[in-house]
**Student:** 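Sharing a structure below in structure tokens format, with a few things to ask.
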Amino acid sequence: MTRIAPERIPGSARAGASGPDSLLRVLAAVAMVGGPLGYLIGGVLEPAGHADGRVTIAANAAADPAGNTVHLVAFVIASFLLPVGVAALAWLAWRRSPWLALFGGILGVIGWLPFPALTALDDLAVAMTRVPDGGSVGRLWDVFAFDAVMNGYLFVYIIGHLLAYVLLGIALLRAAVIPRPAAVALIASSPLMIAAWALPGGFGSAGLGVAAVSAGLVILGSLPAALGVLRHTGRGMMSG
């Protein structure tokens, strides 16, 4: 078969080949940074984190409606972007650290997939503030939020995404495709999030602050990774 030299390919054909790849890079970069940013905004504005039904519904009823709406919108946007973002991080490290990138990417995608269900649980709490009752709604929220299905989602979410950022941070560090401090920030984000869960009182003011720092570290680590995706001069994104 006769091969056609690249310089003889019509300009429109070359543009058609690079256009989808460029768009994919932009979407990957947006997901890398936008996902953790939405997670940070939603987490800071969340009225109650991992409390029982009575406390959760009361906190949502007392919360500023505009802020609570922003919290839900940020979580919804993040739920779409976060799985794409960790997959893009894995792709960036793939050529030089394939095994760590593979396991980190798989754990990250699986770990973030339950996040829409957890976001829907926040939306349910808001809806329950509009239902007058004598406490039965709070008990119903407890039954639903802490049943086997939701606990299963929560377990996969916690284990999956926390392990993912450690593995992906190590993979990116070994691949030397982002600055060392950025990779360390990704790795350090997970122990900080575990500390936020373990603090007395759960996600009170102290726990929320530590969790916010953890999400901020993911953003700091993802920014140079996003730039790396946009500036990558190797083969097309789909080919690695």
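Below, each value reflects all heavy atoms present in this structure, side chains not excepted, and no hydrogens, waters or symmetry copies.
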**Student:** For N68, what residues pass the side chain to side chain donor-acceptor pair (under 3.5 Å) criterion, not counting sequence neighbours?
**Tutor:**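 Applying side chain to side chain donor-acceptor pair (under 3.5 Å) to N68 gives N60, H71.
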**Student:** Kindly indicate whether the side chain of L102, heavy atoms from C-beta on, has any atom under 4.5 Å from the side chain of W94.
**Tutor:**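 When only atoms from C-beta onward are counted, W94 and L102 do touch, with a gap below 4.5 Å.
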**Student:** Side chains of M128 and L140: closer than 4.5 Å at any heavy-atom pair?
**Tutor:**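 Yes, side chains in contact.
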**Student:** Looking at V210, is its backbone amide N or carbonyl O close enough to the side chain of S214 to form a donor-acceptor pair, meaning the two atoms are under 3.5 Å apart?
**Tutor:** no
**Student:** So with a 6.0 Å cut-off around CZ of F146, is the heavy-atom count from everything else above 12?
**Tutor:** yes
**Student:** Under 4.5 Å between side-chain heavy atoms, hopping through other hydrophobics if needed: is there a path connecting L113 to V218?
**Tutor:** yes
**Student:** Considering all heavy atoms of both residues, which atom of A145 and which atom of L121 are nearest to each other, and what is their separation?
**Tutor:** CB-CD2, 3.8 Å
**Student:** Can you tell me how far CH2 of W91 sits from CE of M32, rounded to the nearest 0.5 angstrom?
**Tutor:** 8.0 Å
**Student:** Measuring from Y39:OH to I219:CD1, what's the distance to the nearest 0.5 Å?
**Tutor:**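 Reported value, rounded in 0.5 Å steps: 11.5 Å.
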**Student:** Backbone N or O of G53 within a donor-acceptor pair of the D142 side chain at under 3.5 Å?
**Tutor:**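 Yes: the side chain of D142 pairs with the backbone of G53.
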**Student:** Can you give me the closest heavy-atom contact between G105 and A90, atom names plus distance?
**Tutor:**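 Closest heavy-atom pair between G105 and A90: CA-CB, 3.8 Å.
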**Student:** What is the distance from atom CZ of F115 to atom CG of L81, rounded to the nearest 0.5 Å?
**Tutor:** 11.0 Å
**Student:** Let me confirm one number: the CG-CG distance from L40 to L45, rounded to the nearest 0.5 Å.
**Tutor:**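 Going from CG on L40 over to CG on L45, the span is 9.0 Å.
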**Student:** Which atoms form the tightest heavy-atom contact between G138 and I57, and what is the distance?
**Tutor:**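 Minimum heavy-atom contact is CA-CD1, 3.7 Å.
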**Student:** Is any side-chain heavy atom of L27 closer than 4.5 Å to one of L23?
**Tutor:**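 Counting from C-beta outward, L23 and L27 do come under 4.5 Å.
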**Student:** Answer whether the closest heavy-atom distance between the side chains of D147 and V143 falls below 4.5 Å.
**Tutor:** no
**Student:** Same hydrophobic cluster for V109 and V84, using side-chain heavy-atom links shorter than 4.5 Å among ILVMFWY?
**Tutor:** no
**Student:** V55 and V131: same hydrophobic cluster, using ILVMFWY side-chain contacts below 4.5 Å?
**Tutor:**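 They do not share one cluster, since no chain of ILVMFWY contacts under 4.5 Å joins V55 to V131.
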**Student:** What distance do F75 atom CZ and D122 atom CG have between them, rounded to the nearest 0.5 Å?
**Tutor:**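 Rounded to the nearest 0.5 Å, the CZ-CG separation comes to 6.0 Å.
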**Student:** Grab the two heavy atoms, one from A59 and one from A48, that are nearest each other, plus how far apart they are.
**Tutor:** CB-CB, 3.7 Å
**Student:** Honestly curious: do V70 and I77 fall in one hydrophobic cluster under the side-chain, below-4.5 Å linking rule?
**Tutor:** no
**Student:** Quick one: pull up CG in D52 and CH2 in W141 and give me the separation to the nearest 0.5 Å.
**Tutor:**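 Atom-to-atom, D52:CG and W141:CH2 are 8.0 Å apart.
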**Student:** Is there a donor-acceptor pair under 3.5 Å between the side chain of S79 and the backbone N or O of V76?
**Tutor:**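 Side chain of S79 to backbone of V76: a pair is present.
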**Student:** So if you build clusters from Ile, Leu, Val, Met, Phe, Trp, Tyr with side-chain heavy-atom gaps below 4.5 Å, do F80 and I110 land together?
**Tutor:** no
**Student:** How close do S222 and P36 get, heavy atom to heavy atom, and via which atoms?
**Tutor:**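 Closest heavy-atom pair between S222 and P36: OG-CG, 4.3 Å.
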**Student:** Test your reading of the model: is there a side-chain donor-acceptor pair from S190 to the backbone of L162, 3.5 Å cut-off?
**Tutor:** yes
**Student:** Taking only distance into account, with no hydrogens and no angle test, what donor-acceptor pairs under 3.5 Å do side-chain atoms of residues 164-189 form with protein atoms, sequence neighbours excluded?
**Tutor:**
residue : atom : partner : partner atom : Å
Y165    : OH   : W112    : NE1          : 3.3
S189    : OG   : L186    : O            : 2.7

**Student:** Within a 6.0 Å radius of atom OH on Y153, are there more than 12 heavy atoms belonging to other residues, nucleotides or ligands?
**Tutor:**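 For Y153, atom OH is not crowded (no more than 12 foreign heavy atoms under 6.0 Å).
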**Student:** Do you know the tightest heavy-atom contact between A211 and A196?
**Tutor:** N-CB, 3.8 Å
